[in-house]
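On a predicted model such as this, the values are computed, not experimentally measured, just so you know.
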Protein chains: 2
Amino acid sequence: MKRLTILDVAERAGVSVGTVSNALNRPEIVAPKTLASIQAAMDELGFVRNAAARQLTGAKSPAIGLIVLDIDNPFFTEVYRGVETAANEAGYLVVVCGLSGDPTHERRQLRLLEEQRVAGILATRVGKGNSRVYSQMRKRGMPVVLLDRRSASRNQCSVSVDDVAGGRLAGEHLCGLGHDRLALVNGPRDWSQCADRRSGFLTATDGAGARLLADADIEVEKMTIGAGEAAAHHILAAAKRPTAIFCANDLLALGVEHALIAAGHRVPEDFAIVGYDDVAFATMAFVPLTSVRQPAFELGQRGAQQLLGEATDEAHKHEQVVFEPELVIRASTGAEVEANVPAS
Amino acid sequence: MKRLTILDVAERAGVSVGTVSNALNRPEIVAPKTLASIQAAMDELGFVRNAAARQLTGAKSPAIGLIVLDIDNPFFTEVYRGVETAANEAGYLVVVCGLSGDPTHERRQLRLLEEQRVAGILATRVGKGNSRVYSQMRKRGMPVVLLDRRSASRNQCSVSVDDVAGGRLAGEHLCGLGHDRLALVNGPRDWSQCADRRSGFLTATDGAGARLLADADIEVEKMTIGAGEAAAHHILAAAKRPTAIFCANDLLALGVEHALIAAGHRVPEDFAIVGYDDVAFATMAFVPLTSVRQPAFELGQRGAQQLLGEATDEAHKHEQVVFEPELVIRASTGAEVEANVPAS
DNA sequence: GCAAGTTTTTGAAACGTTTCATAGCGATCC
DNA sequence: GGATCGCTATGAAACGTTTCAAAAACTTGC
């Protein structure tokens, strides 16, 4: 199948290639009659312009990359929706790269994105040992905006949520309910979100004179439902049992709750539970989850806007946006709230 | 920032552009010494080859498009993971397009994908009035594989799950438990999946002499938790109440269950519920959901493989793969199974 | 040390678009 | 009726790579 080019269109419409190009890019400068005949020629031929050739002459790629840690988490799905919305509004496509956790793999994906000369990259997480790769990319002129993580440098955009504050909210809530023997089910501490949530949590509990039990200070590798279940068993096996558990995300919390209830314990009577992210399913749990809500959609949307700003606006100023988290109280902490009432 | 080209590399390494290109594409034919010096030059310069120029000379785009209906549904997230896995294995990127439901919007995205000359497109759903757009694209040589929907034509690849069989499984299970007044909470019937699940369900119930109550034959616009809650209220308001409810996906089922329980009813004693998709959260529900499982990951993976086959293999044969669904029985239908026991 | 091979490198053409300086063409004005 | 002006259309150069026929540089064997 011979490839259809602007030249075929020109020939068919009886004009020069330059005019066809003008019709495509600056229709206002071509005579209405000419425009119409070019339009007709394109339709009849089924012409679709070639972005590669276009890019070669200076046009920017209409795509951005989104690096996501785990799409299994509905939180990131929501972030994606925000990104997609903002990108579409600006006429951009979104290339989603789901990290498998393998840094080599991540590097390969980044390399492909860079070869494509995408307009920019949104990164929710940087694989071990790959931060140099990112900084080199940035040096070469590729805009990179951090998503859900605050940039350490003033020279890079980032959109994040205050995780220290989130951890504090959880801690204060539990301590306020009188709990003083606490458990923490956290993700990898070298992930700044987890470290921050922990430190906020500790600030609050220390302030209230409560204690994070050493046996119940758990760090899991992957923040999944399954890992939460395992963590619950670990907690039940401890010498001294906590009365409240803070989980660094809702998947962990759902797993913890599920395992505890299956083992015959009551939530919140025996164990109060606080999750993080406030995913849609938190409400649907056996005992609806109290959770620290993050504005996931806005996170993604704002991040994409910043990225596109950096990519297209000469006068772009770097900026570190930080959203505030918010505690949503439900039955799993037994505060005086609706137990399982429909949302509507 | 001046753009770095193969020519800069050539100059630095003291060779011609042709040699650099060879080093990049057929390293085995260039002398080891030369190769090394070119490598060195690239590293020092931080050269990244330009995919656009490459494509222009005939190379295929290393990207495929994935059109998804609603990413909010964990089922599609899982499909995505399958696609991503297969794509990565083959060195491809995945451009995800989340349909907002607006057909114009869909057309714009498709146009962009086609301009990019992506290697192919995986479509889980075709927006209203856009099927012509797809067939024209195919005529122009763009491979399109249907995902989660069976192709009507022998000339197009598709990977799907037998929805009629799935509906039948649900119907047989409920009738087998003695239910004879049934409700159906379905999605838009012009979506073939929904129509098929319905027809399979009816086949089974008719065969067993059970009745789908007219008042409880519900069709919702969007298959979300919220819509499920609304449907439950509708069912409760009906003159004659069913004793069992089949929902066309798990989000609907979770919403139905949630609303019923909040209204003081018992599941499965008052209402048995069967969902569809068996998403991860089905287990975590207040009453764990009986659900028709679809091999989501395999669906995506196989679809991507087929697409890439069609895109790269001269001798590709079109094929319609159909997976079989499977019923996973849990507490929501009160069959003799574990109530809320941990998975592990 | 030379012919005949073999391995490696070269350089120009091609890919499909955009851009831009220039040319063409009417209309308008004295 | 000729100069001037504004609007349109033109066509060649440029973008960064790959390809491929041809040239150059080495190896052999004798």
Quiz question: by atom type and distance under 3.5 Å, do the side chains of A/Tyr92 and A/Glu84 form a donor-acceptor pair?
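No, because no side-chain N or O of A/Tyr92 sits under 3.5 Å from a partner of the opposite role on A/Glu84.
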
Using heavy atoms to find the nearest nucleotide of DNA chain C for B/Val17 and B/Ala53 separately, return the residue whose nucleotide is more 5′.
B/Val17

Could you work out which one of [options] sits closest to the side chain of [X]?
X	options	result
B/Thr5	D/dT17, D/dT18, D/dA9	D/dT17
B/Ile29	D/dT10, C/dT18, C/dT9	C/dT9
A/Arg49	C/dT9, D/dT17, C/dT18	C/dT18

Using a 4.0 Å heavy-atom cut-off, does [X] contact any base of the nucleic acid, only the sugar-phosphate backbone, or nothing at all?
X	result
B/Arg26	sugar-phosphate
A/Asn22	base
B/Gly18	base

Take the protein atom [atom1] of [X] and the nucleotide atom [atom2] of [N], then report the distance between them rounded to whole Å.
X	N	atom1	atom2	answer
B/Asn50	C/dT17	CG	C1'	13 Å
B/Leu35	C/dT8	CG	C1'	12 Å
A/Lys33	C/dC25	NZ	P	14 Å
B/Leu56	C/dT17	CG	P	8 Å
B/Leu7	C/dG11	CG	C1'	11 Å
B/Arg54	C/dT17	CZ	C1'	19 Å
B/Leu24	D/dT17	CG	C1'	9 Å
B/Glu28	C/dT7	CD	P	13 Å

Please tell me if the side chains of B/Asp43 and B/Gln39 come closer than 4.5 Å, counting only heavy atoms from C-beta onward.
yes

Under a 4.5 Å cut-off applied to non-hydrogen side-chain atoms, are A/Val159 and A/Leu146 in contact?
no

Hey, does the side chain of [X] come within less than 4.0 Å of [N]'s phosphate (OP1/OP2), counting only N and O?
X	N	value
A/Ser16	D/dT10	yes
A/Thr57	C/dT19	no
B/Ser21	D/dT17	no
B/Arg3	D/dC15	no
B/Thr34	C/dT8	no

Between A/Thr312 (side chain) and A/Leu308 (backbone), is there a donor-acceptor pair under 3.5 Å?
yes

Minimal non-hydrogen separation, B/Gln55 against B/Gln116, with atom names
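Looking at all heavy atoms of both residues, the closest pair is NE2-O, 3.2 Å.
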
